[in-house]
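These numbers come from a predicted model, not from an experiment.
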Number of protein chains: 2
Amino acid sequence: MRTPTDLHPPGACTDCRLRQTAGVLPVSKAELVRIQDFRHGARTVRAGGTVIAELSDPRHLYTLYAGWAFRFKTLKDGRRQILNFLLPGDFIGLQAEFADAATHGVEALTDVHLCTFPKAGLWNLFHEHPKLGYAVTWLCASEEQLVDENLVNVGQRSATERIATLLIHLSRRAQRVGLTDADGSFVFPLTQQHIADALGLSLVHTNKTLRKLARLGLHELRDGRLRIVKADALAQLADYAARPLRPVPLI
Amino acid sequence: MRTPTDLHPPGACTDCRLRQTAGVLPVSKAELVRIQDFRHGARTVRAGGTVIAELSDPRHLYTLYAGWAFRFKTLKDGRRQILNFLLPGDFIGLQAEFADAATHGVEALTDVHLCTFPKAGLWNLFHEHPKLGYAVTWLCASEEQLVDENLVNVGQRSATERIATLLIHLSRRAQRVGLTDADGSFVFPLTQQHIADALGLSLVHTNKTLRKLARLGLHELRDGRLRIVKADALAQLADYAARPLRPVPLI
DNA sequence: CGCATCGTTGACTTGGCTCAAAAAGTGTGG
DNA sequence: CCACACTTTTTGAGCCAAGTCAACGATGCG
C-alpha cells in the first residue's frame, strides 16, 4: 500500500519519484533546475473530475505525476471518443498551446496529481534550454504515436482484436512506469464505458467481448485490478508487435 | 495550367512559393537563412511511390513542397490504415526521429516534390534557433490534431458522416494552401480505396456511400477534381465544426 | 433503505462487410 | 487507331459483426 505522500509531487524536482524509474532519460543538474524553475505548482483532481475542459482555453500545461487520465473529444450529440489514456510522466496540454482553444478535454480516471507549468513559460523554456524544448517535441511526437496506434486499432481491427490490443498496451505502459505488482497485475481504473469509448464500440458489445476473453482465460479483471494471464495468446490475437519501449524524457 | 518549374522547390528559400501564401506565418530574415542552411536539397517521388518505407530508418526529414501524400500503417495481414493526408507545407518524418524506426510509412498520392533536411541537423536547429524548434513542435502538435480528428471520425461516426467530414476537411485544407480554383474545385487524387483505408470502411461501402452523397447533389467528383456543391448540407451531415484555420509555421 | 453506477445477459435489428461480376477509364505497344 | 492488360468505379445479393433495446444483479454510498 502506497502512502498518500507518495502521490503528491515533492517540492523539489530533485526528489521526483518518476525520475527514479528506469524508463526516464537522465537530465543534467542545470536542466533539472530549469525544469524546477518552469514548474509553477501542483494540482489535484478527483477521479472523474475535469483537468482541462473541452473548448476552454487552459492557462496551464501539466505533467501527470500520479494517477490515470484520458484525452477525449465529444460530438454535439454526445458521442464521445477517447483519444488516448494518460499515465504518469505524460505531458498534458501541448495541443491547446497551438490552437485557440483546447480541441479536446482531459478527464481524471483516478484521483490525479499534476505538476503545473504556466503556458506562457513554454517559449522561454525553448529559448533558454533548447534541449528541453527538444524533449517537449519528443513528448509530442510520442503522444501522436499513441493516437496513431489507436487509430489503426479502431479503423482496422475487430472488436476482439481491439480489446486485446488495448489490454496489452495499457499493461505495458503501466509496467514501464512501475505500476505493476510482482504478478504483473495493476490497478485498472477504466470502466467498460471507457473502453467502449476508446475503441469505438458499444458498451454492450464491449462487455460481451471482454467476457469472451476472460472465459478463454486470457486475462483476469477483479477488484479493479487487471492481470494479463496469457500475454502471448493476447498478443497473437491482436497482431501486436511488441516493440521495446524506449526511455522517454520527463519535463 | 502550372508550369513544371512551379512545382520544384526553388534553390533559395526566399523564393519559396509556399511562403507567399496567406496561411503561413512570416519569419525573420535570420530565421529564413537558418532554414535555408538546414535544408539539404530536394527530392521528387512519383505518384504511388514511397517517400518513407514502413519500418525503415529514414535519414531525412522533409517538407512537402508540392503534391499530395499520406501517412499509413499496415498490419501483418495487409490491412492498411491511412493516418492522415499530407498537403503542401506539411512537415514529414518527425515521429521517426524519436523512434528507432519509422512506425508508419509515407506514400505519394501524386507526383511529389520535397525539400529534404538531414535528420541529424534537427537538434542543431533547436539549439541555434529555438524559435524554429518551437515551430517544429507546433507542426507536430498540428499533425496530432489531424489524427485526433480522424480518430473521432472513425470511432464515432457513421459511414455517411465520415465521408462527408473527410470531403469538407480536405477541401478546406486544399483551399488554405491555394489549391482551389475560383469555383472551389480542386484536384482530388484519392481513389476510393484511399478513402476507405482512411475511414476504416470497405471499398464497396465507400463507393455506395459516395454515390449516395453525389446523388443528393452534395458534391461532384469528375475528371479527378472535387467540388463541394452544398457545403452547408455536408457540414450539417458531418456535425462539422468549422473552426477557422490558423496560420501555420513553415520549415 | 433508496438511489446511482456498473456489469451482465438475452433477443432482435441493421449498417456495413464479403463475394461476384460488369462497366468504365487509362496506359502501352503494335 | 485498335487490341490488350490493368486499375478503378459501380451495382446486386446475401450475410454477419456489432448495434440497439430491455431487463436484472451486484456493488457502493448518503
Summary of salt bridge (charged side-chain N to carboxylate O under 4.0 Å, His left out) pairs that have at least one residue in residues 167-179 of chain A, sequence neighbours excluded: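 For residues 167-179 of chain A: D90(A)-R173(A).
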To the nearest Å, give me how far apart [atom1] ([X]) and [atom2] ([N]) are.
{"X": "N207(B)", "N": "dA22(C)", "atom1": "CG", "atom2": "P", "answer": "17 Å"}
{"X": "R211(A)", "N": "dT8(C)", "atom1": "CZ", "atom2": "P", "answer": "5 Å"}
{"X": "R162(A)", "N": "dA17(D)", "atom1": "CZ", "atom2": "C1'", "answer": "10 Å"}

Minimum heavy-atom separation for [X] to [Y], with atom names?
{"X": "T44(B)", "Y": "H113(B)", "result": "OG1-ND1, 3.0 Å"}
{"X": "L94(A)", "Y": "C140(A)", "result": "CD1-CB, 3.6 Å"}
{"X": "A164(A)", "Y": "L213(A)", "result": "N-CD1, 4.2 Å"}
{"X": "A102(A)", "Y": "I52(A)", "result": "CB-CG2, 3.9 Å"}

From H219(B) atom NE2 to S185(B) atom OG, the distance as rounded to the nearest 0.5 Å: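 Rounded to the nearest 0.5 Å, the NE2-OG separation comes to 13.0 Å.
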From CG (L55(A)) to NE2 (H104(A)), nearest 0.5 Å: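 Answer rounded to 0.5 Å: 11.0 Å.
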Reference residue H194(B); test ring pair (Phe, Tyr, Trp, His ring centres under 6.0 Å); the match among W68(B), F72(B), F188(B), F70(B):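 The single option meeting the ring pair (Phe, Tyr, Trp, His ring centres under 6.0 Å) with H194(B) is F70(B).
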Enclosure of E220(A) CD (heavy-atom neighbours >12, cutoff 6.0 Å):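 Above 12, so yes.
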Q193(A) atom CD, over 12 foreign heavy atoms within 6.0 Å: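 Counting other residues, nucleotides and ligands, CD of Q193(A) exceeds 12 neighbours.
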Which residue lies more 5' along DNA chain D, comparing T209(A) with L210(B) via nearest heavy atoms: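 By nearest-heavy-atom nucleotide position, the 5'-most residue is L210(B).
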Expected output is a numbered-order residue list: members of [range] with a heavy atom under 4.0 Å from any atom of DNA chain C. What is it?
{"range": "residues 187-204 of chain A", "result": "T191(A), Q192(A), V204(A)"}
{"range": "residues 148-161 of chain B", "result": "S158(B), A159(B)"}
{"range": "residues 215-231 of chain A", "result": "none"}

Carboxylate-amine/guanidinium contact E107(A) R71(A), below 4.0 Å: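 A salt bridge is absent here (no side-chain N lies under 4.0 Å from a carboxylate O).
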Polar pair under 3.5 Å, donor/acceptor by atom type, side chain K208(B), base dG15(C):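 Per atom types, no contact qualifies.
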B/S/- contact track for nucleotides 25-30 of chain D, protein heavy atom under 4.0 Å: ------
Minimum side-chain heavy-atom gap L250(B)-F91(B) below 4.5 Å: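 Side-chain contact under 4.5 Å: no.
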Pairwise side-chain contact, R243(B) with T103(A), heavy-atom cut-off 4.5 Å (strictly under):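 Of all side-chain heavy-atom pairs linking T103(A) with R243(B), at least one is under 4.5 Å.
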Inter-end axis angle, the helix from dC1(C)-dG30(D) to dG30(C)-dC1(D), with every axis fitted to five base pairs (rounded, 10 degrees):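 For the helix from dC1(C)-dG30(D) to dG30(C)-dC1(D), the axes at either end differ by 40°.
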Evaluation steps, salt bridge (charged side-chain N to carboxylate O under 4.0 Å, His left out), between R79(B) and E161(A): CA-CA 13 Å; R79(B) 284 175 287 181; E161(A) 294 170 321; 3.1 Å; yes
Over-ring placement of R17(B) relative to Y65(B), 6.0 Å and 45° cut-offs: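 Yes, cation above the ring, under 6.0 Å and within 45°.
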Nucleotide of dG16(C), dT10(D), dG19(D) approaching H205(A) most closely (side-chain heavy atoms):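 Out of dG16(C), dT10(D), dG19(D), the nucleotide with an atom closest to H205(A)'s side chain is dG19(D).
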Side-chain (D181(B)) to main-chain (D183(B)) donor-acceptor, under 3.5 angstrom: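 Not a single qualifying donor-acceptor pair exists.
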